[in-house]
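Shown next, in structure tokens, is the structure this report addresses.
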Amino acid sequence: MFSITTERAEDGPAIDALLDRAFGTERTRKLSYRYRQNVAPIAGLSLVARGTAEAVTGTIRYWPVTIGAKQLPALLLGPLAVEPALAGQGIGRALIRESLDMAEWGRHVRVLLVGDQDYYGRFGFAPAQRHGIVMPGENPERLLALALKPGAFADTSGILQPWRSVRRCSRRLKAA
Ligand SMILES: CC(C)(COP(=O)(O)OP(=O)(O)OC[C@H]1O[C@@H](n2cnc3c(N)ncnc32)[C@H](O)[C@@H]1OP(=O)(O)O)[C@@H](O)C(=O)NCCC(=O)NCCS
């Protein structure tokens with residue numbers, strides 16, 4: 001039995017420990033972590049699965065990114081992890097489905113991630129390279145995309161960029 005809720009601030013240490021168990025402690029060296037530095041996960045879309053005694057047994061997070069010179073907004077899904085001893089019970093599926101429903105409800109239109117198409121294909125993810133989207137240094141077959149709205153990737157191509165909220169904010173301050 002598990003329940004899905006939005007992530008709370010106090011879940012942070014349990015989530016980090018779960019991610020270390022699922023991916024190893026070197027996980028932050030992955031290229032996708034470049035997109036998470038100095039940026040908070042999107043509140044409301046970042047969910048946890050809870051088991052008995054409210055223990056965190058699964059986590060999914062989303063981050064804001066932009067695509068190409070036009071800086072089109074997109075969500076970067078990940079990391080997704082389930083307590084290894086509880087794999088295969090539908091926790092991962094429930095976290096993905098619930099969070100994608102919320103993303104759609106929140107009018108997000110494009111989602112990207114780095115992962116196995118064999119797993120994410122069942123949720124509609126397909127290689128992002130067919131839209132001309134690139135994450136420098138990453139295996140193109142592992143960068144996957146999902147449109148939450150028809151035509152979401154029309155005229156969308158280029159390099160995936162981290163969200164630059166700090167730079168934009170300081171520019172605005174200088175201009176004021
Ligand atoms: C991948 C992961 C999130 C799946 O969570 P889960 O709760 O076990 O998944 P579900 O119970 O919803 O689905 C299980 C199904 O996914 C399949 N599956 C799991 N990982 C897979 C992978 N990497 N590639 C292909 N299929 C995979 C299982 O074989 C199973 O298939 P079945 O339904 O045909 O039996 C979990 O195993 C995990 O945390 N893995 C380590 C971290 C990781 O790789 N995260 C994803 C990359 S960002």
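When a ligand or atom number is given, it counts from 1 through the structure's own listing order.
Around ligand 1 you find Phe23, Leu80, Ala81, Val82, Ala87, Gly88, Gln89, Gly90, Ile91, Gly92, Arg93, Asp116, Asp118, Tyr119, Tyr120, Arg122, each with a heavy-atom distance below 4.0 Å.
Counting non-hydrogen atoms of neighbouring residues, nucleotides and ligands closer than 6.0 angstrom, the CG atom of Asn139 exceeds 12 such neighbours.
Under the ring pair (Phe, Tyr, Trp, His ring centres under 6.0 Å) criterion, Phe23 pairs with no residue, sequence neighbours left out. Residues passing the ring pair (Phe, Tyr, Trp, His ring centres under 6.0 Å) test with Phe153, sequence neighbours excluded: His131.
Between Pro79 and Arg36 there is a side-chain heavy-atom pair separated by less than 4.5 Å.
Considering every non-hydrogen atom in both Gly78 and Trp63, the closest pair reads O-NE1, 2.7 Å.
Under the salt bridge (Lys or Arg N to Asp or Glu O under 4.0 Å) criterion, the residue pairs touching residues 7-21 are Glu7-Arg61, Arg8-Glu54, Asp11-Arg50, Asp16-Arg27, Asp20-Arg27, Arg21-Glu83, with sequence neighbours excluded.
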